[in-house]
Amino acid sequence: MVDIWAFRDAVDRWAAGGPGGPASDLAVQLGLRTAVLLEGLSDLAAVEALSARRGRDLAAEGVCVLSMGGAMNVGRYAGLLGPPGLGLRLTGLCDEREQGYYDRALRQTQAPGPDFFVCVADLEDEFIRALGTARVEEIILAEGDLRPWQTFLRQPSHLGRPRQQQLRRFLGTKKGRKIRYGRLLVEALDPGQVPAPLADLFRSL
């Protein structure tokens, strides 16, 4: 049975210069109609966690959520998956500072929009503001990360910074930490706390 991971792998190989046939065939077999483009794996983890919380099977709904491995790859992925390629509807999340890359990619691929939802700094920052810094610190302690958190806070480069900035930076200081906390922060949200960009994305699907 074909699964969404096979399609993701086929798209990644296509984006790296491989053939597009496998991705095209899998898109048809899966009945895909929409591609959700995300910058990285932590965003993917968060979207999948919220999908599970809401009892939605996005793949069964014809929606594929993909990590592009960086915002600057949006032009490549939009061209492969949007009107010039597979003809899927494109949507996703982007950071405010990188919105220009997305706007140019959509214009170049003639993809209809605007269907990309903008985070002020990034999705982790949206979660921290939604939950509050005290709640995020509780999650860090519950995960057994008290010692690395305290070590981080003692570093001169982070002294005196607002707690929100410190937390956001801490989540990105170790490989895999943003992915793990992407899921954890979603699981900690009350239904009414889902950040607007993420809530808007799900309403659009």
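Quick caveat: nothing in here was measured; it's all calculated off a predicted structure.
Within the 4.5 Å cutoff, no side-chain heavy atoms of L37 are placed close to those of T91. Side chains of P148 and R177 form a contact here, defined as non-hydrogen atoms less than 4.5 Å apart. Looking at heavy atoms from C-beta onward, L44 lies in side-chain contact with L41 at the 4.5 angstrom threshold. At least one side-chain heavy atom of F117 sits under 4.5 Å from a side-chain heavy atom of S204. The closest side-chain heavy-atom distance from Y181 to D145 is below 4.5 Å. Residues D12 and S67 fail the side-chain proximity criterion, which asks for heavy atoms closer than 4.5 Å. Two residues are said to be in side-chain contact when any heavy atoms from C-beta on lie closer than 4.5 Å; R180 and E143 meet this criterion. A 4.5 Å side-chain heavy-atom check between Q164 and D125 finds at least one atom pair inside the cut-off.
Closest approach of A188 to L131, counting heavy atoms only: O-CD2, 3.7 Å. The minimum heavy-atom distance between L88 and L32, with the atom names listed, is CD2-O, 3.4 Å. Nearest heavy atoms, P84 versus A78: CD-O, 4.2 Å. The shortest non-hydrogen separation linking E96 to V118 is CA-CG1, 3.5 Å. In this structure, W149 and L167 approach most closely via the heavy-atom pair CH2-CD2, 3.5 Å. The two atoms that bring L81 and A35 nearest to each other are CD1-CB, 3.9 Å, heavy atoms only.
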Evaluation steps, side chain to side chain donor-acceptor pair (under 3.5 Å), between Y101 and D95: CA-CA 10 Å; Y101 294 124; D95 300 342; over 6 Å; no
Derivation of the side chain to side chain contact (heavy atoms under 4.5 Å, CB included) call for V194 and R54: CA-CA 12 Å; V194 177; R54 293 186 169 185; 3.9 Å; yes
Worked verdict on F127 versus L198 for side chain to side chain contact (heavy atoms under 4.5 Å, CB included): CA-CA 10 Å; F127 287 143; L198 191 55; 3.9 Å; yes
Steps toward salt bridge (charged side-chain N to carboxylate O under 4.0 Å, His left out) verdict (E48, R8): CA-CA 14 Å; E48 289 186 328; R8 288 171 176 165; 2.9 Å; yes
Verdict with supporting geometry, L26 and V11, side chain to side chain contact (heavy atoms under 4.5 Å, CB included): CA-CA 10 Å; L26 289 168; V11 170; over 6 Å; no
Verdict with supporting geometry, Q166 and R169, side chain to side chain donor-acceptor pair (under 3.5 Å): CA-CA 5 Å; Q166 291 173 330; R169 183 72 185 101; over 6 Å; no
Evaluation steps, side chain to side chain contact (heavy atoms under 4.5 Å, CB included), between L171 and I128: CA-CA 11 Å; L171 295 180; I128 294 166; 4.3 Å; yes
Test salt bridge (charged side-chain N to carboxylate O under 4.0 Å, His left out) applied to K178 and E124, step by step: CA-CA 8 Å; K178 283 180 70 173; E124 288 76 24; 3.7 Å; yes
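Checked by atom type, the side-chain pair D115/Y102 shows no donor-acceptor distance below 3.5 Å. Counted by atom type alone, T151 and R147 present zero donor-acceptor pairs between their side chains at under 3.5 Å.
In this structure, R53 contributes its side chain and V186 its backbone to a donor-acceptor pair below 3.5 Å. Between the side chain of S24 and the backbone N or O of G20 there is no donor-acceptor pair closer than 3.5 Å. Checked by atom type and distance alone, the side chain of N73 pairs as donor or acceptor with a backbone atom of M68 at under 3.5 Å.
Using the six-membered ring where Trp is involved, F152 and F170 have ring planes that are perpendicular, over 60° apart on the 30 and 60° scheme.
Of the charged side-chain nitrogens involved, at least one lies within less than 4.0 Å of a carboxylate oxygen, so that E137 and R163 count as a salt-bridged pair.
Each of R97, R168, R129 was checked for a salt bridge (charged side-chain N to carboxylate O under 4.0 Å, His left out) with D122, and the lone residue meeting it is R168. For the pairing with I4, the side chain to side chain contact (heavy atoms under 4.5 Å, CB included) check across L30, D9, L58 returns one residue only, L30.
Under a cutoff of 6.0 Å and an axis angle of 45°, R56 and F202 do not form a cation-pi pair.
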